[in-house]
Asker: 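Here's a structure for you.
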Amino acid sequence: MANFSPVTGRYVTFEVDDPDLGGEYKVFFLENGRGQPLVCQHTAGCHNHQWRGVLEDPEITSSYRVIAYDLPRHGKSDPPNNREWWKEEYRLTTDFYTRFIVAFCDALELERPIFMGSSFGGNVALQLAYRYPDRFKAVIPVEAADYSPGFFLDWWQHPHANAAQVCASGVWDLMAPQSPDRDRWKTWFYYTQGSEAFRGDLYFYSVDHDLRGKLGEIDGDRCPVVMLTGDYDYLTTPQMTEATAKQIKNAEFMEMKGIGHFPMSENPPLFNTYLRRALELIQRKTAKVTGPAR
Amino acid sequence: MSSVAPTKWAEDFASATNQDAELNVHGKFFTCTYLLDMGTRKVIVEMHRGKVENVNLDPQPLDAYQFALRAPEETWRGMAKEVPEPMYHGIWAASFRKGLRMEGDLLVLMQNLRCFTRQIELLRQTGVPV
């Protein structure tokens, strides 16, 4: 008998309305589980296999429908079908990124999913809470901050170097040395596959994403915000995340010990212990808003 | 493991590099010359096809290298711990948070990034000469 995973993959095609990057997108996603939708965004220049440990955690998937998509130009999601994208320099914008995520959730007819993303996915989680607070039940920004400069670099796509290795080894020490070799090297391997998108993703991460001075406008009661950051993350340190969370009304922050910037991928079992606590927190917070379930 | 005598360090670093399983498999094109500036101690390492060809423990003013890593002694010692504390756990982490500077022809560094990253992690076994 074949040793099948319960995770399944599908494609969905839909339109994203955006003047700079809009078009028709054929998007690949993995899913497993039943219940409250939990939509997961991978990190910049990577793909949805980073969420393998959440997708296959029976304790989580017994209550949550975990959906991990590949952002267009990543993994198995194509660049736009109806744009001459090869004539454009790819620079991910906050406008497109947030519109894409909402359009994806609409395409799957998800009602108020919880959104979770890491790194540039964590930063966009903050943007979703800021721009679309009523569209999401809650957000879990992982390894995120209001501003994360310094990583929009030409080295990621430099034709005189092996861009696959530069991207993969360039992010190597975003991971904690204690994380298992097997999972760190899987993450390294994923990163060899995304060099054509990594730099453009980081335009969002380090340039276009800037919520400094705007965090007070995010209402953590309307859209609960639970932030998680690993202590080995040098790009968005726990201190940066904590400072961000403090400026958001009723946001929560948890420091994750012994883990880095790709927590769900570099050490899935450890990350899931923190994720379970985050999901319980959200359950309590949202139960309070809608009235206690008795 | 942290601070060791320079000559012993040079021997250990060369030996750890030359016997490393990863570098032996992936080091075919790892040929470059770089400077490690550890404050009171500077060394120039010459790499040829993944092996240490020479460790220069007394660089003179005109001794050439292609790129340099410069950091305070405390940063190097932190990077040389068996399990480094956060922000000492790699050259990128230390460059963002612990005063490490990458200088010189960084293209050469990027071209050799996979092997160089591995080689610098060997400091966790050998310690540093400061």
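In what follows, every chain begins at residue 1, and chains take the letters A, B, ... in the order their sequences are listed. In this text the structure is predicted, and so the values were computed from the model without any measurement.
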Asker: Would one find more than 12 heavy atoms of other residues, nucleotides or ligands at under 6.0 Å from atom NZ of B:K51?
Answerer: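 Check passes, neighbour count above 12.
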
Asker: Measure across B:E22 and A:W185 and return the closest heavy-atom pair with its distance rounded to 0.1 Å.
Answerer: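 Here B:E22 and A:W185 meet closest at OE1-CZ2, 3.5 Å.
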
Asker: Kindly assign one of parallel, tilted or perpendicular to the pair B:W92 and A:W156, based on the angle between their ring planes and the thresholds 30° and 60°.
Answerer: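 Rings of B:W92 and A:W156: parallel, as their planes differ by under 30°.
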
Asker: Check each atom of B:E121 against the heavy atoms of chain A and say whether the ones under 4.5 Å are side chain, backbone, both or neither.
Answerer: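 Contact with chain A: side chain only.
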
Asker: For B:R114 and A:W188: C-alpha separation, side-chain torsions, deciding distance, then whether side chain to side chain contact (heavy atoms under 4.5 Å, CB included) applies.
Answerer: CA-CA 10 Å; B:R114 178 184 182 165; A:W188 184 93; 3.4 Å; yes

Asker: Give me the one residue out of B:L107, B:L113, B:L109 that meets side-chain contact (heavy atoms from CB on, under 4.5 Å) with A:W155.
Answerer: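 The single option meeting the side-chain contact (heavy atoms from CB on, under 4.5 Å) with A:W155 is B:L107.
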
Asker: Do any N or O atoms from the side chain of B:Q111 and from the backbone of A:H160 form a donor-acceptor pair under 3.5 angstrom?
Answerer: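 Side chain of B:Q111 to backbone of A:H160: a pair is present.
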
Asker: Test side chain to side chain contact (heavy atoms under 4.5 Å, CB included) on A:T237 and B:M87 and set out the steps.
Answerer: CA-CA 9 Å; A:T237 63; B:M87 312 306 147; 4.0 Å; yes

Asker: Tell me if a side-chain donor or acceptor on B:H89 pairs with a main-chain N or O of A:D173 at a distance below 3.5 Å.
Answerer: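 Here the side-chain-to-backbone pair exists.
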
Asker: Can you tell me which portion of A:L153 sits under 4.5 Å from chain B's heavy atoms? Options are side chain, backbone, both or neither.
Answerer: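 For A:L153, side-chain heavy atoms alone lie under 4.5 Å from chain B.
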
